[in-house]
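Taking it in order: structure first as structure tokens, then the write-up.
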Amino acid sequence: MTTVLARAGIWLGVLFLAIIGAALAVDKAFAFHMAIIGAAAFVGLWVSISRVDYAAVARGILHAPADPGKYDDDPVRWGVIATVFWGMAGFLAGLYIALELAFPVLNLNLEWTTFGRLRPLHTSAVVFAFGGNALIATSFYVVQRTCRARLAFPGLARFVFWGYQLFIVLAATGYLLGITQSKEYAEPEWYVDWWLTIVWLAYLAVFVGTLVKRSEPHIYVANWFYLGFIITVAMLHVVNNMDVPVSFFGSKSYPLWSGVQGALVQWWYGHNAVGFFLTAGFLAMMYYFVPKQAERPIYSYRLSIIHFWALIFLYIWAGPHHLLYTALPDWAQTLGMVFSIVLWMPSWGGMINGLMTLNGAWDKVRTDPIIRMMVMALAFYGMSTFEGPMMSIKSVNSLSHYTDWTIGHVHSGALGWNGMITFASVYYLVPRLWQRQRLYSLRWVNWHFWLATIGIVFYAASMWVAGITQGLMWREYGPDGYLVNSFAETVAALHLMFLLRALGGGLYLAGAVIMTVNVWLTIRGKQRDEAPMRDTAFDPAKDRPLPAAAQSAPAAGVAVPAE
């Protein structure tokens, strides 16, 4: 009873503060956000005082059986659903803004549908909403099974999930309303940043608490990557978002860092958001789900430890390569370039470790589209971690900087590495979380794989061509020493490439639609009548194939993490 009253009191306090904030707001956008926070607080208050088991209600709606008591998987289920939902929203926004670049009339002459407002909506939706929910859900799933312990602080784990959804809603609506710091990957204003800090510290407490209470003495390497990602992102977020609000009842703030220092802090944050949010966290997913799906041990546990510590020590120094040929001191630019080149080695060590895990199971690449997605993700990880260091070399960067080559590079990594490994992890999780023997359709997974792969090829290749075209046209001088091409002429020359990019994005979105339907029908307990691609049925209680597949001799290394 005391706990219920304490929760109700907290929510009542938040509701009261939100009402005051809305009443005293100095701009309409801040008042709107306070109304959203007030509505969320009212829902939290109602849930606290009604004392209804909404988790059980949700399970009933989704036809998911109650947990057998071993692990706390409700936040994981919610996270998987949120991952699919926000992924669809982010992909759709991305396709729309790609079409806006080819057909500017799609801006619709409305301020909240312009490219400038929808572009951060797209990036935040795919990075923080789609990717962030995937990371939170998979980390909660993996840490329980590799530690053989239920989540520490179960109430706090639920706060992490719902608090993170509130952050996403506040950030997304803020972009449409023009509330932005204009910082890459850090656009939300001060009060949204403060809220995310609270949620993230709660996330850290749940994860570390579960590690502390573990009954398994060994900390599996995936948990090291998750922990590195959580701690480093917290540090990056706090330092980069040190702002002074103009008013505590207004949305505008000014950063403590300005000029060259501000640029350096921003790209120390921006590059390491890629390095730890989009790399370390997803490598944790790779180190767990690839061995589990392949039913093979990690190729080299020692290599995975070297991969982790090299990534941790090297990545944090590479940010200045985003500021080549700027006012940043030349030594700092060179430092960023050197560390970016050195990063290539441990990155490829991780890729090789993932691929070599399939030793003795390469036949599954032909018969199992989930394994095929994982292999493709690792291939794109390897390609992106080669292309990135190459683009950081000053002579290459002089051609590629500010061009669509960078867009192609980012999306080959995001769509190929982050997207594919997330899709594969979702396909792995859904039957197990909802106690189904298999997915609704494995052949639909195959369709998703090929649509996504072809879409990435169209997207990345068109942007590579567009970027090199831009770079060459921008540096072309005539006999009189003046530039030959105007900026408008370079844009016109890229129209076909913009169309091909939109085509690639459309194919990728089509694959995601297939995944969404497949996941939903699996949750509903449906199974498509189709010729099997492989023996994929398994016992949900033991998470083991049914019937047991013949196992070859185990490879050297630490065994596959058991459940």
Tell me which donor-acceptor pairs under 3.5 Å the side chains of residues 416-424 have, and how far apart each pair is, sequence neighbours excluded?
residue : atom : partner : partner atom : Å
Trp417  : NE1  : Leu278  : O            : 3.1
Asn418  : ND2  : Leu278  : O            : 2.6
Thr422  : OG1  : Asn418  : O            : 2.7

So, [X] side chain and [Y] main chain: donor-acceptor pair closer than 3.5 Å or not?
X	Y	answer
Arg436	Ile523	yes
Arg119	Ile97	no
His122	Gly90	yes
Thr210	Ala152	yes
Asn353	Leu303	no
Tyr301	Val221	yes
Glu295	Lys292	no

>> Would you call the rings of Trp162 and Trp78 parallel, tilted or perpendicular, taking 30° and 60° as the class edges?
In response: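 Ring orientation, 0 to 90° scale: tilted.
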> Under 30°, 30 to 60°, or over 60°: which ring-plane class applies to Tyr191 and His33, parallel, tilted or perpendicular?
Replying inline: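 Perpendicular, since the angle between the ring planes exceeds 60°.
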Are [X] and [Y] close enough that some pair of their side-chain heavy atoms sits under 4.5 Å apart?
X	Y	answer
Tyr427	Gln293	no
Trp190	Asn241	no
Tyr226	Thr138	yes
Tyr164	Phe128	yes
Met88	Val513	yes
Phe167	Val192	yes
Phe225	His307	yes
Pro346	Leu314	yes

>> Please enumerate all residues that pass side chain to side chain donor-acceptor pair (under 3.5 Å) together with Arg214, with sequence neighbours excluded.
In response: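 Arg214 satisfies side chain to side chain donor-acceptor pair (under 3.5 Å) with no other residue.
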Carboxylate-amine/guanidinium proximity below 4.0 Å for [X] and [Y]:
X	Y	answer
Asp73	Arg150	no
Lys183	Asp193	no
Asp363	Arg366	no

> Looking at Tyr269 versus His237, is the centre-to-centre ring distance below 6.0 Å?
Replying inline: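 Ring centres of His237 and Tyr269 not closer than 6.0 Å.
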>> Does atom CH2 (Trp362) have a neighbourhood of more than 12 heavy atoms from anything else shown, all under 6.0 Å?
In response: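 Yes, because the 6.0 Å sphere around CH2 of Trp362 holds more than 12 heavy atoms from other groups.
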>> If you count heavy atoms of other groups shown closer than 6.0 angstrom to CH2 of Trp224, is the number above 12?
In response: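 For Trp224, atom CH2 is not crowded (no more than 12 foreign heavy atoms under 6.0 Å).
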> Is the charged tip of Arg372 near the ring of Phe449: under 6.0 Å from the six-membered ring centre and within 45° of its axis?
Replying inline: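 Yes - Arg372 lies over the ring of Phe449, closer than 6.0 Å to its centre and within 45° of its axis.
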>> The criterion is salt bridge (charged side-chain N to carboxylate O under 4.0 Å, His left out); which residues satisfy it with Arg528, sequence neighbours excluded?
In response: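 Here the qualifying residues are Glu530.
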> Does the side chain to side chain donor-acceptor pair (under 3.5 Å) test come out yes or no for Thr123 and Tyr185, once each step is laid out?
Replying inline: CA-CA 7 Å; Thr123 54; Tyr185 307 130; over 6 Å; no
> For Phe276, which of Ile230, Ile231, Thr232 qualifies under side chain to side chain contact (heavy atoms under 4.5 Å, CB included)?
Replying inline: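 Testing Phe276 for a side chain to side chain contact (heavy atoms under 4.5 Å, CB included) against Ile230, Ile231, Thr232 leaves exactly one candidate, Thr232.
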>> So, applying side chain to side chain contact (heavy atoms under 4.5 Å, CB included) with Leu211, which one of Val206, Leu227, Thr146 is it?
In response: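 Looking at Val206, Leu227, Thr146, the match for Leu211 under the side chain to side chain contact (heavy atoms under 4.5 Å, CB included) is Leu227.
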> Taking it one step at a time, do Arg158 and Asp72 satisfy salt bridge (Lys or Arg N to Asp or Glu O under 4.0 Å)?
Replying inline: CA-CA 10 Å; Arg158 283 150 179 79; Asp72 183 8; 2.9 Å; yes
